[in-house]
Chemist: 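Once you've had a glance at the structure underneath, I'll fire off some questions.
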2 protein chains.
Amino acid sequence: MSEVLKSNNKTSELQTATNFQFANSVDCVIFAYDGRVLKVLLIESDLPDYKGQCSLLGDLLRPDEDLAEASHRVLSEKVGLTNVFLEQVKSFGSFKRHPSGRVITTAYLALVNIKDVQLNKMGNALSWHAVSKINSMAFDHKLILDTCLQVLQRKIQEEPIIFNLLEKRFSLRDLQLLFEQILGIEFDRRNFRKKLFTTGLLTDVGEMEKDVKHRPGKLYTFNHEAYEQIKKKSFVGILF
Amino acid sequence: MSEVLKSNNKTSELQTATNFQFANSVDCVIFAYDGRVLKVLLIESDLPDYKGQCSLLGDLLRPDEDLAEASHRVLSEKVGLTNVFLEQVKSFGSFKRHPSGRVITTAYLALVNIKDVQLNKMGNALSWHAVSKINSMAFDHKLILDTCLQVLQRKIQEEPIIFNLLEKRFSLRDLQLLFEQILGIEFDRRNFRKKLFTTGLLTDVGEMEKDVKHRPGKLYTFNHEAYEQIKKKSFVGILF
DNA sequence: ACAAAAGTGTTGCTGGTACACCCATGT
DNA sequence: ACATGGGTGTACCAGCAACACTTTTGT
């Protein structure tokens, strides 16, 4: 082991250029819901190694930007979206994960409304893929996707982030179907309604669905203010 | 914006050395319990910028190792521990977080048994600090510590990782005090016992505490096998 | 009229919380 | 005997799950 690596801190090593041999990137797992299934936005790889395979949208980290900034930049530059729900999930640093060199990537979970994305404007190789149908991807991106899907499944049960996937106004049916899609289970309609109402997070906007070929349902919005109030109350429910 | 950064993937850029100007590190937030309060293992910084302040134990990522490997190496080389509970928490990539250059660090949560750590053997600047007493640290390490503490608080309620902080055999009192320390709340003793017993994760080892100046309590171990069985049953409890 | 989904209430069970008394050990 | 904490049981309440019928709209 070199002396350099034995030191208490990193100063001595940082002065040497030999340690600056890493590239860092962010990769965004951009989820959306088309009303039927959960989808993820991918780009076709043009690397020879991964001919025809898809990869996540990402980019190299710039010298002057933060990880979070980089993830927002990817959404902005490559998808044309700002003010997106973005949350860091995990970093992947296997030294063989990228064919062209040592790249450490940090995965971000993005939840967008599918109607906000205009693929024709962003052109070319971007497309939505049903999450359940994806078998292989470029690099280790399938692993990253799976990891983010699991995090999504956990998080929608802990925080009301699922609303980022719906339009401002939605029916209870929309909401339930989306929960069921993501979690892969079904709920009793009546109990689901009761539970959601008792959270106090849904505001009845006083309008109804239109253009449905059955009795139209009421439309709701997510009540941010109510959630901010509720959040303060501590959550404790010891159990593994 | 350069053409290079507009490309669909990262190949072209990776070939150039200009993108390999980052250093990556891991920093371990090593928690332990001394029977009274939650502690974290820190090292005194010898950087002039951070004279007298403490920092987490970390090291630069080597060209040939994974992030997880690096975190285990830190525990092994600097604390003399192997087979430690280690879990990635978050990466921190602010471009001004390190005075000597651009370092992206990935924080790991480590849970160890305090008796396994022999500070005298590791020598010098390592020491345990009560988590609640720490006001400032070198770099952005206070932020990292706070983040990891929050993750710890959440995780001990979701998974039985708390046992990593106790000895193999422990009394219910030990376990309850530790929960209370970490979460900063108190539990009713009788309800706590019932709840833990109903999980089926505690095995009565048929022995009692010794050297206590009151009625000795039974000792238990964590039942890994039972947990593996239980884990299979899916957890769903929609609520935010 | 029929199909499709909206909307609504009750009951039983389970799990959480609040709470009080007796027991074993060391001093 | 006293102090300290171990060990146990009960009663109430809230939240969840299971379950069926009526209503509204479009075709």
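Every chain is numbered from 1, with letters handed out A, B, ... down the list of sequences. Note that the coordinates shown come from a computational prediction; the quantities given were computed from them, not determined experimentally.
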Chemist: Could you tell me the separation between the NE2 atom of His214(B) and the C1' atom of dG26(C), rounded to a whole number of Å?
Modeler: 10 Å
Chemist: Measure the shortest side-chain to side-chain distance between Ser171(A) and Tyr220(A) over non-hydrogen atoms and say whether it is less than 4.5 angstrom.
Modeler: no
Chemist: Nearest whole angstrom, please: distance from the C1' of dA24(C) to the NZ of Lys213(B).
Modeler: 16 Å
Chemist: Measure the distance from CG on Asp204(A) to P on dA6(C) and round it to the nearest whole Å.
Modeler: 15 Å
Chemist: May I have the distance from Phe197(B) (atom CZ) to dT8(D) (atom P), rounded to whole angstrom?
Modeler: 7 Å
Chemist: Kindly indicate whether the side chain of Gln176(A), heavy atoms from C-beta on, has any atom under 4.5 Å from the side chain of Phe187(A).
Modeler: yes
Chemist: Looking at the side chain of Arg189(A), which of dA5(C), dT8(C), dG6(D) is the nearest nucleotide?
Modeler: dT8(C)
Chemist: To the nearest Å, how far apart are Arg193(A) CZ and dT8(C) P?
Modeler: 7 Å
Chemist: Quick one: is dG6(D) close enough that its OP1 or OP2 comes under 4.0 Å of any side-chain N or O from Arg173(B)?
Modeler: yes
Chemist: Measure the distance from NZ on Lys210(A) to P on dT24(D) and round it to the nearest whole Å.
Modeler: 18 Å
Chemist: Checking contacts here: which listed nucleotide (dA18(C), dG7(C), dT25(C)) is nearest the side-chain heavy atoms of Asn191(B)?
Modeler: dA18(C)
Chemist: Could you tell me whether the side chain of Pro160(A) reaches within less than 4.5 Å of the side chain of Phe222(A), counting heavy atoms only?
Modeler: yes
Chemist: Distance check needed: dA5(C) P versus Arg190(A) CZ, whole Å only.
Modeler: 16 Å
Chemist: Decide yes or no for Leu183(A) and Ile156(A): does some side-chain heavy atom of the first lie under 4.5 Å from some side-chain heavy atom of the second?
Modeler: yes
Chemist: Give a yes or no on whether a donor-acceptor pair under 3.5 Å exists between the nucleobase atoms of dT10(C), that is its base, and the side chain of Lys194(A).
Modeler: yes
Chemist: Can you say whether a donor on the side chain of Arg215(A) sits under 3.5 Å from an acceptor on the base of dA5(C), or the other way round?
Modeler: no
Chemist: Please report, rounded to the nearest Å, how far the P atom of dG26(D) is from the CD atom of Glu209(A).
Modeler: 12 Å
